Amino acid sequence: MLALCKVGNRREAEVFRWGLIPAWMKEVPKSGGFINARAETLASKVSFRDAFRSRRCLIIADGFYEWQKVEGKRKQPWFFCLSSGEPFAFAGLYESWKPPQGEPVNTCAIITTQANEIVAPVHDRMPVILPPDVYDSWLDPANRDIRKLTDLLRPYPASEMASRAEFPILRII
DNA sequence: CCAGACGTTGTT
DNA sequence: GTCTGG
DNA sequence: CCAGACGTTGTT
DNA sequence: GTCTGG
């Protein structure tokens, strides 16, 4: 997946493998890494703390799915997007993981938070979407204010979002 | 204090 | 009843 | 999470 | 490598 990060003074777009692998891991975990990190516990979790301190990124998307448990049926997917239809940015973390041998692998995870009112009927968690005015402070590795960074990780306003039930068969683009 | 975990709930 | 240690 | 502690260094 | 659970 493609994500924006800040290297030196420049914003860069880089390809990351979805599934963050902490630097100290010796081999690729069975799960393939951590695809989600909880906003509430980020700062204290060994696996995310370093990335949260200095390797934050933005993951561009135009929507996301949440899957609703429906009694006796397969899970029902719902599609969520901005009512403006504009693309947006998930708050993400990345790591450059060094395998025992071979080239480093860029890995990333998205951050989740409590669901807002539009997502809550479907699922209790949702990805953190950041508004454009905080992109700079989120991306800046020199930003050491963990408290303020944590405060950015809120559920996006439901009033600016739209949703629709999606049929799995039809969703292939 | 040391052994063992270290993360979330995605995918169909 | 509540805290602590394993 | 549940079992087991729940207290301090006084006195002879 | 560092934290947690026993």
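These figures come from a predicted structure and were not determined experimentally.
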(request) Indicate, with yes or no, if the rings of A:F88 and A:Y156 have centres closer together than 6.0 Å. (result) no

(message) Can you measure A:E66 atom CD to B:dT9 atom C1' for me and round it to whole angstrom units?
(response) 10 Å

(message) Between A:W67 and B:dT12, is there a contact of a side-chain N or O with OP1 or OP2 at under 4.0 Å?
(response) no

(message) Quick check: is A:L93 connected to A:I110 through a chain of hydrophobic side chains (ILVMFWY, heavy atoms under 4.5 Å apart)?
(response) no

(request) Can you tell me the distance, in whole Å, between the NZ atom of A:K26 and the C1' atom of E:dT2? (result) 11 Å

(message) Say we look at D:dC1 and E:dG5: how far apart would their P atoms be, to the nearest angstrom?
(response) 11 Å

(message) Does this structure show an ion pair linking A:D136 with A:R11, if we count only N-O contacts that are shorter than 4.0 Å?
(response) yes

(request) Using atom CZ of A:F52 as one end and atom P of B:dC6 as the other, report the distance to the nearest whole Å. (result) 21 Å

(request) With P as the reference atom in both, quote the distance from E:dT4 to B:dT8 in angstrom, rounded to an integer. (result) 13 Å

(request) Could you state whether A:W138 and A:L20 fall into the same hydrophobic cluster, counting links through intermediate Ile, Leu, Val, Met, Phe, Trp or Tyr residues with side-chain heavy atoms under 4.5 angstrom apart? (result) yes

(message) Expressed as a whole number of angstroms, how long is the span from A:F64:CZ to B:dT9:P?
(response) 13 Å

(request) Report yes if at least one side-chain N or O of A:R49 is closer than 4.0 Å to OP1 or OP2 of E:dC3; otherwise report no. (result) yes

(request) Could you tell me whether A:R55 and A:E95 make a salt bridge, using a distance below 4.0 angstrom between a side-chain N and a carboxylate O? (result) yes

(request) Convert the base pairs of DNA chain D into dot-bracket notation, remembering that pairs crossing earlier ones are written with [ ] and that bases paired across to another strand are shown as |; include only Watson-Crick or G-U pairs under 3.5 Å. (result) ||||||......

(message) Return whichever of A:R125 or A:M25 has its heavy-atom-nearest nucleotide of DNA chain B closer to the 5' end.
(response) A:M25

(request) Quote, to the nearest angstrom, the C1' distance that separates C:dT2 from B:dC6. (result) 30 Å

(message) With a 4.5 Å cut-off on side-chain heavy-atom distances among I, L, V, M, F, W and Y, is there a chain of contacts connecting A:L152 to A:I146?
(response) yes

(message) For the residue pair A:D124 / A:Q114, report whether a side-chain donor-acceptor contact shorter than 3.5 Å exists.
(response) no

(request) Send over the distance from A:W78 CH2 to B:dT12 P, rounded to a whole Å. (result) 19 Å

(request) Please determine if a side-chain N or O atom of A:T41 lies less than 4.0 Å away from the OP1 or OP2 oxygen of B:dT8. (result) yes

(message) Regarding A:Q68 and A:W78, do their side chains bring together a donor and an acceptor under 3.5 Å, going by distance alone?
(response) yes

(request) Let me know the distance between CD1 of A:I21 and P of E:dG1, rounded to the nearest Å. (result) 17 Å

(request) Hey, which sits more toward the 5' end of DNA chain B by its nearest nucleotide, A:H123 or A:K45? (result) A:K45

(request) Using the P atoms only, state how far B:dT9 lies from C:dG1, rounded to an integer number of Å. (result) 36 Å

(request) Check the geometry between A:F34 and B:dG7 and answer yes if their rings are stacked (centres below 5.5 Å, planes below 30°), otherwise no. (result) no

(request) Verify the contact: side-chain N or O of A:R38 to OP1 or OP2 of B:dT9, cut-off strictly under 4.0 Å; return yes or no. (result) yes

(request) Round to a whole Å and report the spacing from CZ of A:F80 to C1' of B:dG10. (result) 15 Å

(request) For A:I111 and B:dT9, give me the distance from atom CD1 to atom P, rounded to whole Å. (result) 12 Å

